[in-house]
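Labels below follow one simple rule: chain letters A, B, ... track the order of the sequence lines, proteins then strands, and each chain is numbered from 1.
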Amino acid sequence: MKLNTILLPLLLVSCIGTVQADEKKAVEKVAKAVEAKTVEAKAPAADSVSKDELREMIRELIQEEMANLQPTSNTDSKPVAPAHAAKAGEILAHTCAGCHGTNGTLENEAFMPLAGMPEQEFVKTMLDFRDGARQSTLMGTVANGLSEQQIRDMARYFMEVSP
Amino acid sequence: MSLSRREFLGLLGATALAGAFPIRSAFAGAQPHVVIIGGGVGGATTAKYLRLMDANLKVTVIEKNPIYIRPYGSTEVLTGHIGMDDLHVTYDALKSKYGVNVIIDEVTGFDPDKRNVSLKGGRKVSYDKLVVSPGIELLYDKIPGYSFEVAESKITSGWIPGKQTALLGEQLKAMPQGGTFLMVAPPAPYRCPPGPYERPALVAEWCQKHNPTAKVIIGDPKDEFVTDQTMMLGWNRLYGFNIPQKFRKDMPASVEIKQHSNPGILSWIPKADGGTPVSLDVEKMTLKTEGGDIKADVINIVPPMRAGKIATAMGLTDEKGWCPNNRKTFESSLHPHVHVIGDACHADAMPKSGFSANTQAKSVARAIVEALAGREIPTPSWENTCYALAGSDYGLFVADVFELAEAENKIKRVGKFSRYLKLDATPAQIRMGAVYQQAWLKSFTEDCFA
Ligand SMILES: Cc1cc2nc3c(=O)[nH]c(=O)nc-3n(C[C@H](O)[C@H](O)[C@H](O)COP(=O)(O)OP(=O)(O)OC[C@H]3O[C@@H](n4cnc5c(N)ncnc54)[C@H](O)[C@@H]3O)c2cc1C
């Protein structure tokens, strides 16, 4: 079938010689597996592309992967946690970071670091800014755009960040 | 074909199987790939936050310049407060700390069906999601007589900083005693609303010291601008500017306003007084305005602008020249899987500022992570704070929190509080504004790039 005749030689030709020796085996394994899989599954999308398109697609993917091998440091072998959904307060908290630092961690004397701030302190400070009980240049304006619930959510988020 | 390469090959089982091996082979692509065009404020922030939110994502920034020259704060180069080098920002932290791939090359086009972008260097890069944050294109030719070539050699803009910024600084220093500096403000919408008014203020301050008989004139095609009242108060106190009645009439009596019997160093010609530029005579160093000719020794022009060139080339812009989008996700209304942020996009009440681009980037990063995880996209929230200087110790700002009005696909301001520095702000608050402005330049750059 046409997939085997196009995909496999391409895969092997393109990869062998560019990947390190200990990776070759793995690439061959992938190729075999692809062969087995495509023979058995007859992937429906396969018929909708021409040989040339498929060849181009594979070439591009390989190019891209090879290019990325060079500059990246995305090779940490540490297992990574799957992406979690946004925590309450996180989206709002990120809007503070332009001044107060990413996640409120900041070594800049002019702005208050927010990471690890006790929840009650954050809430009281923001409500005081909002109600004008505490003078400010700009924070009154910002606090005025937030509801009390939003302020509480942000407080909880920042409290849990280690400073 | 609307499948990306990765999805297509995934159907054949290639990507999934490859992902099972601990190698980076040609098909180690079970990781979704987010490609970002432009490593400025919007692009860099998106890259960093994508990797913070989901370390499984592969993130690639494609940027044409190896070093980013930040536009925000670039006016300080003119007055010698900082040097050009101080504007330079590297991509080192994005690469080493956050594992972002950075390709230095220029994007020349894309194939929305095959989902890949083409680079000048000849390479193609495929994506699952594309983020476009290319900034602005300056339309020099909209002012007859003006052009990019003129801007590079004689009458600068510098609204995209670089060579022109340095040249303008040299021109200011070489200006004859008693000479005239003309600043031409742009029509709305434009990058950095207070910027064309902060610049002449800082030039006026510099002239007070080094060229006290000089004149600074602002020609404007508008009758008002963001931060106008608070900026004019600064001009009034520092540069002998008399505030027009229109802007004084609703200022409370407690606000200290000076009345100057002699015109000061700085003047502003709004549209109503003929400030709109008509054409430029480069040889004669003369700007023709609706109100007459203005001859100057140094001219700085912020021309009309639209979304960065590549956005137009990709068919992402509308007849106004900016990119229409779904305001919740900033996904283009014209091409799926492409998100446009920053100066280039339509964002209603949000100004074209670095701060806006930064908070848009984070909401888009979250929208992409959730979309790829097949989860619902949470309600976004944005903010903007533009600090501006009327003098090096005189700070002011415009600040806003924004929310989504989803049914109307609009971004709106929240809160009824003043968006500006209070008109009766104390001298201490004004000074603190300037301290915060300087501190912001640093913390903001860190949040975007480091
Ligand atoms: C004088 C001045 C003062 C300012 N002060 C402030 C301020 O105080 N506060 C504030 O919030 N904002 C300020 N700004 C505005 C702020 O700098 C911009 O709003 C912000 O940079 C916009 O971010 P962006 O990502 O949209 O564009 P940019 O930051 O301009 O980034 C766009 C990037 O895309 C790259 N690019 C474009 N096309 C391609 C392509 N085809 N291929 C590859 N790369 C490409 C460019 O090289 C550039 O690096 C100021 C601007 C100026 C000019």
What part of [X] gets closer than 4.5 Å to chain A, counting heavy atoms only: side chain, backbone, both or neither?
| X | value |
| --- | --- |
| B:V414 | both |
| B:T359 | side chain |
| B:A425 | neither |
| B:W382 | backbone |
| B:L52 | side chain |
| B:T45 | neither |
| B:E370 | side chain |

Do [X] and [Y] have side-chain heavy atoms sitting under 4.5 Å apart?
| X | Y | result |
| --- | --- | --- |
| A:H84 | B:D54 | no |
| B:Q429 | A:Q135 | yes |
| B:Y420 | A:T141 | no |
| B:Y436 | A:T137 | yes |
| B:M53 | A:H94 | yes |
| A:I91 | B:P378 | yes |

Proximal component of A:Q150, with respect to chain B [non-hydrogen, under 4.5 Å]: neither

In terms of heavy-atom proximity below 4.5 Å to chain B, should A:L106 be classed as side chain, backbone, both, or neither? side chain

For atom NZ of B:K328, decide whether the heavy atoms of other residues, nucleotides or ligands shown that lie under 6.0 angstrom number more than 12. yes

Please rank B:M432, B:R413, B:R375 by heavy-atom pairs under 4.5 Å with chain A and give me the top one. B:R375

Max heavy-atom pair count under 4.5 Å with chain A, selected residue of B:F402, B:F397, B:W440, B:F355: B:F397

So, does B:S443 use its side chain to make a donor-acceptor pair with the main chain of A:G98 at under 3.5 Å? yes

Taking A:G101's backbone N and O only, do any of them form a donor-acceptor pair with B:E446's side chain (distance below 3.5 Å, no angle check)? no

Of the non-hydrogen atoms in [X] and [Y], which two are nearest, and what is the gap between them?
| X | Y | value |
| --- | --- | --- |
| B:V435 | A:A110 | CG1-CB, 4.5 Å |
| B:T385 | A:L138 | CG2-CD1, 3.3 Å |
| B:Y49 | A:T102 | OH-CG2, 3.2 Å |
| B:R366 | A:A85 | NH1-C, 3.8 Å |

Distance in Å, [X] [atom1] paired with [Y] [atom2], rounded so as to fall on 0.5 Å steps:
| X | Y | atom1 | atom2 | value |
| --- | --- | --- | --- | --- |
| B:S381 | A:E90 | OG | CD | 12.5 Å |
| B:E403 | A:S147 | CD | OG | 10.0 Å |
| A:N144 | B:S418 | CG | OG | 10.0 Å |

